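Worksheet: one structure, shown below.
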Amino acid sequence: MEAAQEYLKEQNEFDDNDEPSSLPYNSPFRSTRLHIQRSNVCSRAYFVVVMVFFHVYILNVIALLLYVHYNNGPGDLVSGDGGSSAADSDNGKSLPHPAPSSRELHVEDYSQSFSLPRIEGIRVGHVQRVSLVPDKTHEMKTLSLKPLLFEIPGFLSEEECRVVVQLAQLKGLMDSQATASSQEQEESNQPLLSLSTEEVFSLLDLNQDGLLQKQEIVSHSHSQDGTWLSPDNLRQILTGLESCPTGMLTLGDFRHVYDVSQHPGQEKSGKLHSQFKQRSKHTWLFQGPGSHHVLRTLRNRVTSLTRLPSALVELSEPLQVIRYEHGDFSNSHYDSSPSNSETTCAHTRLAGNTSALTEVPCRYLTVLFYLTSVEEGGEVTFPVADNRTYEEQALVQDGVDLTDTQETCSRGNLRIKPTAGTVLLWYNHLSDGRGWMGELDEYSLHGDCPVRRGVKWVANSWINVDPDYQQQARYQRVVAQRHQAKSGMDYQSLSHSDLHQDL
C-alpha cells in the first residue's frame, strides 16, 4: 500500500513538470521518438552528400573517357591489341575500325608518336567480322597463329581487280630479280679478280698495320671498287672480327674467316639451304594524291583493316603488282629482315645508320591481294606455319629442300589457293611486348607455287616500320622538316619516290 502511494506521488510530480498527456505511460517514449527523428535527419543528410560525390565521380569518369576518345582519332593510335574487338566478334558484332581520313596529312601527322596494334587471331578457324566499306561486312578468318595470318574473301570487287591489272599493264612490267642456277650461283660467288687471301687482307688493311679493324671493313663497304667482295662476304668477315676478343683480325685469323665467307654453305650459319629464286614480272603503282581513285581506295581500306596510323601507311612502299605466267614461281622467303646493328632499314635511310653495311627491307606486315583466280597451281605456301618448333635444319628432309617450291610445294603446312578479290594479311614480325615491332617471325617463311594452268596476278602492300623506335621517330621528324621546307610544293613531292627506295 505504501509502495502504491509512493508510485502515485512520483507520477504526479512528473506530470507537474511535463506537458499534460492523456496516457501517463506514453510520456517516457516521447524522448525516444524525438531521438529517432533526429537520427533520420542525420542519415538523410549523409545520404545526400554521398550521392553528390558519387555523381561527381561518374561525371569525371565520363569526361575522361570522352577526352581519350576525341584525342585518339584515325590518325593516332590507341595502344592495345584489339582484345575487346575479338570479344565483340564472338557476340556477332562488327569490329570497330577507324574511318580513313580523306584530308591531306599535316606536319604533326608525321612527327607524332604511336604504337603498333595487332589483330588478335584467337584460334585457327576463328572468324571475326570487320567493317571496311559502307553497308558491307567482311569476314576475316584466322588461318594460322604462327605466323599470325588472316584471310578476307571479297576484299576487292571484280571491277577493282580489273582496274589494278590494267594500270599495271599500262605502267609496264619488268622481270623480277631471280638468281641463277645453283652452278651459276656458285660461279657468281667467286671473286671477279684472282686475289690471294694475303692480297685481300692487304687491301682491307687501310693503315697497313697488319691488323684488320672494324672501321676498315665498314669503310670498304662504302667504296665503289669493292666488286670482288659481296655484302655477304663482308658481313661474314665482320662477324668473325667481332668474335675475336681483341676486336681485331691478324692475317692468320683472317685466313680462316675469309675461307668461311667464300664458302658459306660449309658452315652452320643459320642461313636457308637454298638461294632465293623467283620467276615473274612486276611493277610498282603509286597510291598517293593524284593516283587512280581505286588505288587510293585500296590504300585507305588497308589503313582501316590494319588499324595503323595513316602517316605510317602513306610513307610505306608503293603497291607492287606481280604477274605469274605458266611455270612462274618464287621460292620460300621472308618479306622482311631481322634487325642487325650493321644494317639499316631502306625506308628510314634518311635518318639511318651511315656506317651500316647494307640497307634491308623492314616490313611490319604484308597485305597480299589476289587479283585473279588460277585454274591450277599458284598457291601461296607457308612451309612451317604452326609448327610446334622452328629449326632450319628441318627444312631439308631426305635431301629435299622444303623452301624449293618447284619441287616441294605440296609438302607445305599451309597453302592458300588464289581466288580473285581475296586478301591475305600476315605479320612478318613479332611484338616486342611494348607496343612496337619485335623480332622477325621465322614462321612467316612463304613462297609461291608454280602456276600450272592460267595466269596469276597478285599485289603486295607492305607497311614499313623500323624496329628501332627512336630511328623511326627521327625519320618521322625528317619528313616533317622536309614538309615544312617544301610547304609550297604538292604532297606528292614527299611521297615514296623522294623519301624511299623501291625495294
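Fair warning: this is a prediction, and the values are worked out from it, not measured in the lab. If you read the sequence from its start, that first residue is 1, and numbering goes on from there.
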Task: Member of Val124, Leu149, Val384, Val380 meeting the side-chain contact (heavy atoms from CB on, under 4.5 Å) criterion with Leu414 - done: Leu149
Just checking, is any N or O donor in the side chain of [X] or [Y] under 3.5 Å from an acceptor N or O on the other one?
{"X": "Asn428", "Y": "Thr366", "value": "yes"}
{"X": "His126", "Y": "Thr142", "value": "no"}
{"X": "Asn413", "Y": "Asp386", "value": "no"}
{"X": "Asp328", "Y": "Ser280", "value": "no"}
{"X": "Asp466", "Y": "Thr348", "value": "yes"}
{"X": "His347", "Y": "Gln472", "value": "yes"}

Quick one: does [X]'s side chain have a donor or acceptor within less than 3.5 Å of a partner on [Y]'s backbone?
{"X": "Thr408", "Y": "Thr405", "result": "no"}
{"X": "Ser444", "Y": "Leu440", "result": "no"}
{"X": "Tyr364", "Y": "Met437", "result": "no"}
{"X": "Arg307", "Y": "Ser304", "result": "no"}

Which heavy atom in [X] sits nearest to a heavy atom in [Y], and how many Å separate them?
{"X": "Gly240", "Y": "Leu249", "result": "O-CD2, 4.1 Å"}
{"X": "Gln213", "Y": "Asp209", "result": "NE2-OD2, 3.6 Å"}
{"X": "Ala168", "Y": "Trp457", "result": "CB-CZ3, 4.0 Å"}
{"X": "Asn464", "Y": "Leu312", "result": "O-CD1, 3.9 Å"}
{"X": "Gly421", "Y": "Cys161", "result": "N-SG, 3.7 Å"}
{"X": "Asn460", "Y": "Leu368", "result": "OD1-CD1, 3.5 Å"}

Task: Worked verdict on Leu445 versus Leu395 for side-chain contact (heavy atoms from CB on, under 4.5 Å) - done: CA-CA 11 Å; Leu445 184 72; Leu395 293 175; 4.1 Å; yes
Should [X] and [Y] count as side-chain neighbours, where that means a heavy-atom distance under 4.5 Å?
{"X": "Val479", "Y": "Leu315", "value": "yes"}
{"X": "Val458", "Y": "Thr372", "value": "no"}
{"X": "Trp426", "Y": "Val367", "value": "no"}
{"X": "Val163", "Y": "His292", "value": "yes"}
{"X": "Leu305", "Y": "Leu425", "value": "yes"}
{"X": "Arg411", "Y": "Leu402", "value": "yes"}
{"X": "Leu167", "Y": "Val321", "value": "no"}
{"X": "Ser310", "Y": "Thr303", "value": "yes"}

Value rounded to 0.5 Å, distance of [atom1] in [X] from [atom2] in [Y]:
{"X": "Thr422", "Y": "Ile416", "atom1": "OG1", "atom2": "CD1", "value": "10.5 Å"}
{"X": "Ile152", "Y": "Phe155", "atom1": "CD1", "atom2": "CZ", "value": "6.5 Å"}
{"X": "Ser291", "Y": "Leu285", "atom1": "OG", "atom2": "CG", "value": "9.0 Å"}
{"X": "Leu132", "Y": "Asn300", "atom1": "CG", "atom2": "CG", "value": "11.5 Å"}
{"X": "Leu365", "Y": "Ser461", "atom1": "CG", "atom2": "OG", "value": "8.0 Å"}
{"X": "His282", "Y": "Ser176", "atom1": "NE2", "atom2": "OG", "value": "5.0 Å"}

Charged N to carboxylate O under 4.0 angstrom, [X] versus [Y]?
{"X": "Glu379", "Y": "Lys456", "result": "no"}
{"X": "Glu325", "Y": "Arg323", "result": "yes"}
{"X": "Glu314", "Y": "Arg299", "result": "yes"}
{"X": "Lys146", "Y": "Glu442", "result": "no"}
{"X": "Glu317", "Y": "Arg363", "result": "yes"}

Open item on the list: Heavy-atom count check: over 12 atoms from other residues, nucleotides or ligands less than 6.0 Å from Glu439 CD?
Closed with: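 Open: at most 12 neighbouring heavy atoms sit under 6.0 Å from CD of Glu439.
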Open item on the list: Between His429 and Asp441, is the side-chain contact (heavy atoms from CB on, under 4.5 Å) condition met? List the steps.
Closed with: CA-CA 5 Å; His429 287 260; Asp441 189 347; 5.8 Å; no
TODO: Mind running side-chain contact (heavy atoms from CB on, under 4.5 Å) on Leu319 and Leu295 for me, showing each step along the way?
DONE: CA-CA 8 Å; Leu319 187 71; Leu295 298 179; 4.1 Å; yes
TODO: Determine the interplanar angle of the Trp284 and Trp462 rings, folded into 0 to 90°, and report it as parallel if under 30°, tilted if 30 to 60°, perpendicular if over 60°.
DONE: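 Answer is tilted, since the angle falls between 30° and 60°.
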- [ ] Classify the ring geometry between His446 and His333 as parallel (under 30°), tilted (30 to 60°) or perpendicular (over 60°).
- [x] tilted
Open item on the list: Here's one to test your reading of the geometry: is the NZ or CZ of Arg118 within 45 degrees of the ring axis of Tyr427 and under 6.0 Å from its centre?
Closed with: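 Ring-cation test returns yes.
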- [ ] Validate the cation-pi geometry between Arg279 and Phe329: distance from NZ or CZ to the six-membered ring centre under 6.0 Å, angle to the ring axis within 45°.
- [x]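 Output no; distance or angle outside limits.
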Open item on the list: What verdict does the side-chain contact (heavy atoms from CB on, under 4.5 Å) test give for Gln128 and Phe150, after you've listed the backbone C-alpha separation in whole Å, the side-chain angles of each residue and the deciding distance to 0.1 Å?
Closed with: CA-CA 10 Å; Gln128 44 191 318; Phe150 303 93; 3.9 Å; yes
